[in-house]
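One structure is given below, encoded as structure tokens.
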Amino acid sequence: MQVVATAGHVDHGKSTLIRALTGIEPDRWAEERRRGLTIDLGFAWTRLPSGREVSFVDVPGHERFLGNMLAGVGPAPVVLFVVAADEGWRAQSDDHRDAVAALGIDRGLVALTRADRADAERIAAVTAQVRAQLAGTGLADAPVVPVSAITGEGMDALRETLDAVLAAAPAPDPGAPVRLWIDRAFSISGAGTVVTGSLIAGTLRTGDRLELLGAETAAEVQVRGLQSRESSVEELEPVSRAAVNLRGIAADALSRGDALLTPGAWHRTAVLDVRRTTGGALDDAPEQVVAHIGAAAVPAHVRPFDADHARLLLDRPLPLAVGDALVLRGSGDHAVLGGVRALDVDPPALDRRGDGTRRAAALAALPDAGDATAEVSRRGALRADALTRLGIATPDPLPPGIVREGDWLIAADRLESWTAALREGVARLHREQPLAPGLTRGAAAGLLGLPDAALLGPVAARAGLAVEGGHVRDPRQAAGLGDAEAGIAELEKRLRAEPFRAPESDDLAALRLGPRELATAQRLGRVLRLEGDVILLPTAPALAMRELAALSQPFTLSEARQALGTTRRVAVPLLEHLDARGWTRRVDGSRREIVR
């Protein structure tokens, strides 16, 4: 399957040719048929001699409808460029050529229509004219076929040539994420909302959940049904014209240029840095333009860096990737200014004097497909799937400047500096605060200035450090109590003699044991801290269970306190601790029992 868009000057017979090729009337509006003038996009389809199915998007040729033309050609990978043999190249032929060139389309053919009105000499002259006008574009070597939709002359040759062009086109990727630019949205009684567009990559299936990003709304929608060429299907692969019946959105909430997306697969941006591919210098471009991609047309502000590079600030976010081709048109103008290619769809802020000059130099060094090393180095680290969302392929094998740690791609020099800084930060903490459990995760991430706190784990592992209980520590550092060892040892001695006689605050103060020392002792498994600042040995719960098991079941708090030889201050939190461990349970408001 394939989708082909027409292009060419108004009244050169694009719609007539499509009608003759397919037997389908592409002009959908009564006004179009009455005036003999295509105003909006038309759609038709046929089967070629090889059995290959092809869908056509017929576009208007008049300069007033250039925006509609771009919406039809924008998503199409192949163009059928139409020039009338009797008239030759005309003004809108220029506009359409410039649009096709700006989009980077390099697959197609040229139909010299109305060949029945021109002799061989005239056809040869127009063919030479077409070759000269298309020189330097992706259609420079496109086959030229004289044809008459009225007499049928050349129609078989046109079908065969088109078949050969499509056979040579690169195979689309059915596994790619979906980005379907919507060119129509309407409602059908009994079915609800239907949108149409050209599926260039990826696969659509009934039941799929998709993200909808539009000018007025962003929502999750579900594919209720699919059609292509007026036939219902359960699955649709590229390249196809798709009619998608959506659940979860009203048709009046949608408009041309909205997009259906594979969830989580596309980066959304209103700011991108671009490189000129066709047209005049960007530093001579008007400040306000309209940027076209797919079926979308969005007002944009141009901030030029030099003749070939600029920043576009779009009026609304679009799902864009590095390598995307955009057409720039003057605001309110009917002519194409030129084409640009997206180099960075998540560019850095430019706040300092001279940033524009430095950015121009950085962009000049970038290849059209983006540079994974430059992208990772700028951020320090990036998840591999985030790099993919930006439209940049992850090199395999990785270049020397990138290190993979799990899902993360990390700049090698940045990883080395983060590792050294974290190791020194933890060592300094151990020196200055021997009782500290380690550097907190937040403090560690702040110390390193990590772009994402999730990077702390890989960096700590590379540094030979452990992340435990919300802290980063050196497992090789001997755990100890330092000066508090004597106080804890004395406390342990007293509690071994009287396990349920928890020390009072004065006792702890005399032993020089404060909250930090007790927290360290608990972390080392030397003491058990219960609610109400009750300090016991870790063996206390088991010893208590032995005494409580000897009581008549169920038992009261008073009976438990007497059996343990302790006070209410100790008995209450101890019993609650046993409840929490599932060793005892409440029978009613005043009694408990051992869980057998």
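All values below come from the heavy atoms of this structure, side chains included, with hydrogens, waters and symmetry mates left out. We're numbering straight along the sequence, starting at 1.
- Contacts of R585 classified as salt bridge (Lys or Arg N to Asp or Glu O under 4.0 Å), with partners at least two apart in sequence or in another chain: E593.
- For R358, the side chain to side chain contact (heavy atoms under 4.5 Å, CB included) test picks out R352, D355, with sequence neighbours left out.
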**Request:** Would you please test R591 and E559 for salt bridge (Lys or Arg N to Asp or Glu O under 4.0 Å) and show each step?
**Result:** CA-CA 10 Å; R591 296 180 300 166; E559 290 169 337; over 6 Å; no

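- H577 places no side-chain N or O within 3.5 Å of a backbone atom of L530 that could act as its donor or acceptor partner.
- Here E237 pairs with nothing under the salt bridge (Lys or Arg N to Asp or Glu O under 4.0 Å) rule; sequence neighbours left out.
- Checking side-chain atoms of T584 against main-chain N and O of D579 turns up a donor-acceptor pair under 3.5 Å.
- L246 contributes atom CG, which lies 7.0 Å from atom CG of L254 (distance to the nearest 0.5 angstrom).
- Distance alone, capped at 3.5 Å, places no donor-acceptor pair between the R568 side chain and the R561 backbone.
- T440 is linked by a side chain to side chain contact (heavy atoms under 4.5 Å, CB included) to A443, H471, counting only residues two or more places apart in sequence or in another chain.
- Contact annotation: the side chain of L318 never approaches that of D324 to less than 4.5 Å [non-hydrogen atoms, C-beta and beyond].
- For the pair F555 and L575, the minimum side-chain heavy-atom distance is below 4.5 Å.
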Indicate every side-chain donor-acceptor pair of residues 303-312 with a distance under 3.5 Å to a residue at least two apart or in another chain.
| unit_1 | atom_1 | unit_2 | atom_2 | d |
| --- | --- | --- | --- | --- |
| D306 | OD1 | D308 | N | 2.9 |
| D306 | OD1 | H309 | N | 2.7 |
| D306 | OD1 | H309 | ND1 | 3.2 |
| D306 | OD2 | H309 | ND1 | 3.4 |
| D308 | OD1 | R276 | NE | 3.0 |
| D308 | OD1 | R276 | NH2 | 2.6 |
| H309 | NE2 | R275 | NE | 3.1 |
| R311 | NE | D273 | OD1 | 2.6 |
| R311 | NH1 | P348 | O | 3.0 |
| R311 | NH2 | D273 | OD1 | 3.4 |
| R311 | NH2 | D273 | OD2 | 3.0 |
| R311 | NH2 | P348 | O | 2.9 |

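- Not counting sequence neighbours, the partners of D385 by the side chain to side chain contact (heavy atoms under 4.5 Å, CB included) test are R383, R389.
- Applying the side-chain hydrogen bond (donor to acceptor under 3.5 Å, both in side chains) criterion to E547, with sequence neighbours excluded, gives no partner residue.
- A donor-acceptor distance shorter than 3.5 angstrom exists from the side chain of T193 to the backbone of I249, with no hydrogens or angles considered.
- In this structure, D533 places its CG atom where only 12 or fewer heavy-atom neighbours from other residues, nucleotides or ligands lie under 6.0 Å away.
- Without hydrogens or angle criteria, S187 side chain to A251 main chain gives no donor-acceptor distance under 3.5 Å.
- When atom types are taken as modelled, the side chain of T419 and the backbone of A463 share no donor-acceptor pair closer than 3.5 angstrom.
- Put simply, the side chain of L282 reaches to within 4.5 Å of the side chain of V340, judged on heavy atoms.
- If you take CG on L548 and CG on L578, they are separated by 6.5 Å, rounding to the nearest 0.5 Å.
- Between the side chain of E211 and the backbone N or O of A218 there is no donor-acceptor pair closer than 3.5 Å.
- Dense packing is recorded around CD of E492, with more than 12 heavy atoms of other residues, nucleotides or ligands lying under 6.0 Å away.
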**Message:** Evaluate R378 against D344 for salt bridge (Lys or Arg N to Asp or Glu O under 4.0 Å), listing each step before the verdict.
**Reply:** CA-CA 12 Å; R378 173 157 67 87; D344 192 340; 2.6 Å; yes

**Prompt:** Between L518 and Q522, is a side chain to side chain contact (heavy atoms under 4.5 Å, CB included) present by the stated rule, with each step listed?
**Reply:** CA-CA 6 Å; L518 292 170; Q522 181 180 32; over 6 Å; no

**Message:** Let's go through V534 and R569 carefully: what are the C-alpha distance in whole Å and the side-chain angles of both, what is the deciding distance for side chain to side chain contact (heavy atoms under 4.5 Å, CB included) to 0.1 Å, and is it a yes or a no?
**Reply:** CA-CA 8 Å; V534 172; R569 181 180 80 89; 3.8 Å; yes

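- Contacts of D346 classified as side-chain hydrogen bond (donor to acceptor under 3.5 Å, both in side chains), with partners at least two apart in sequence or in another chain: R379.
- Side-chain atoms of Q553 come within 3.5 Å of backbone atoms of L551 as a donor-acceptor pair (strictly under, hydrogens ignored).
- Among all heavy-atom pairs drawn from V239 and P77, the shortest one is CG1-CG, 4.3 Å.
- To the nearest 0.5 Å, the span separating CD on Q562 from CG on L564 amounts to 10.5 Å.
- R494 pairs by the side-chain hydrogen bond (donor to acceptor under 3.5 Å, both in side chains) definition with E490, not counting sequence neighbours.
- Closest approach of D371 and P367 over heavy atoms only: CB-CD, 4.0 Å.
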For a quick test of your reading: what N or O donor-acceptor pairs under 3.5 Å do the side chains of residues 399-411 make, sequence neighbours left out?
| unit_1 | atom_1 | unit_2 | atom_2 | d |
| --- | --- | --- | --- | --- |
| E405 | OE2 | R462 | NE | 3.2 |
| E405 | OE2 | R462 | NH2 | 2.6 |

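- The two residues A291 and L326 have their closest heavy-atom pair at CB-CD2, 4.2 Å.
- Taking both residues in full, the closest heavy atoms of L314 and A300 are given as CD2-CB, 3.6 Å, listed atom of the first, atom of the second, then distance.
- Looking at T539 and L495, their side chains never come closer than 4.5 Å, going by heavy atoms from C-beta outward.
- A distance of 9.5 Å separates CG of L491 from CZ of R496, quoted to the nearest 0.5 Å.
- Shown here for A295 and W181, the closest heavy-atom pair between the two residues is N-CB, 3.6 Å.
- Every residue meeting the salt bridge (Lys or Arg N to Asp or Glu O under 4.0 Å) condition with E220, not counting sequence neighbours, appears here in chain and number order: R209.
- Taking R247 as the reference, nothing meets the salt bridge (Lys or Arg N to Asp or Glu O under 4.0 Å) condition, with sequence neighbours excluded.
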